[in-house]
J.: 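Here it is, the structure in full.
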Amino acid sequence: MNLMEKEDLVKVKAEELETASPQEIIAWAVETFPNITFACSFGAEDVVLVDMLRKISTTADIFYLDTDFHFKETYETRDKLAEHYNIDFVRVSPKLTPEEQAKEHGDQLWLSDPNACCNIRKVEPLTRVLSNYEAWITGIRRDQAPTRANAKKVEYDYKFGLIKFNPIADWTTEDVWNYIRENEIIYNPLHDQNFPSIGCEYCTRAVMPGEDPRAGRWANSEKTECGLHK
Ligand code: SF4
């Protein structure tokens, strides 16, 4: 399928699948694109999608970006999910170890230049892994951030050059937690400690009552996204 054919397909399917359930979207996606992958951060949205995807396909790849800087609770959540669903998560790591990064770019790059740090530890590894696939699934939701408000359930991802599925784009936080509770899904315990959005340990803090759910991400800078979903 060339780019124009993909763009046409995306246009038709985005309209057609806008009112479909996440499971219907995932089922169509994995059937149409056997070479598909799911990007899992082990956050609330993504554990929902792990559950849905594994009930539909036992073979679709699931990867995570291991920045080396995740909370221990995030790694524990990964291990519990791996055991429960019998998943061999694909670990995608940066080219530089934390020590090499400190040597080349200075200590605490996440403070001096968080965009450079995210580029090294997230964007480059993501670009590398996605080059192996023709489609990817993500857990982004429209109400998470203004930058995500226009996300379609099916879209062409020009940044990374493949088709992107956002099956729960129109879900609310409540929808996510209802699914987790009803299906007794394993989730990151930090969510119970006022961490609605969880990234690297150095760049995530708990939020205060009344704060935006993503206020705990890069709280000391203007940065709001890693650069993965722009
Ligand atoms: S979230 Fe922070 S620590 Fe993680 S890659 Fe980005 S800047 Fe670095």
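Numbering of residues begins at 1 and proceeds along the displayed sequence. As the structure is a computational prediction, the values presented were derived from the model and not from experiment. All ligand and atom numbering here is 1-based and tracks the order in the structure.
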J.: So, applying ring pair (Phe, Tyr, Trp, His ring centres under 6.0 Å) with Phe42, which one of Phe63, Tyr64, Tyr187 is it?
T.: Tyr64
J.: Which of the numbered atoms in ligand 1 are under 4.0 angstrom from any heavy atom belonging to Cys203?
T.: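 In order of number, 1 (S), 2 (Fe), 3 (S), 7 (S).
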J.: I need the atoms of ligand 1 closer than 4.0 Å to a non-hydrogen atom of Lys122, numbered in the order shown.
T.: 1 (S)
J.: Within the 4.0 Å heavy-atom shell around Phe69, which atoms of ligand 1 are there?
T.: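 Near Phe69, the atoms of ligand 1 are 3 (S).
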J.: Please check if any side-chain donor atom of Asn119 sits under 3.5 Å from a side-chain acceptor atom of Glu124, or the reverse.
T.: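 No - no donor-acceptor pair under 3.5 Å links their side chains.
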J.: Are any N, O or S atoms from Cys117 nearer to atom 8 (Fe) of ligand 1 than 2.8 Å?
T.: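 Of the N, O and S atoms in Cys117, at least one lies under 2.8 Å from atom 8 (Fe) of ligand 1, which means yes.
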J.: Is it the case that the side chain of Arg121 and the backbone of Thr67 share a donor-acceptor pair, with hydrogens and angles ignored and the cut-off at 3.5 Å?
T.: yes
J.: Provide the number and element of each atom of ligand 1 under 4.0 Å from a heavy atom of Arg121.
T.: 5 (S)
J.: Just by distance, do the side chain of Asn188 and the backbone of His191 share a donor-acceptor pair under 3.5 Å?
T.: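 Judged by distance alone, no pair lies under 3.5 Å.
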J.: Decide if atom CD of Glu100 counts as having more than 12 heavy atoms of other residues, nucleotides or ligands within a radius under 6.0 Å.
T.: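 More than 12 heavy atoms, drawn from other residues, nucleotides or ligands, come within 6.0 Å of this atom.
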J.: Got an N, O or S from Cys118 under 2.8 Å of atom 6 (Fe) of ligand 1?
T.: yes
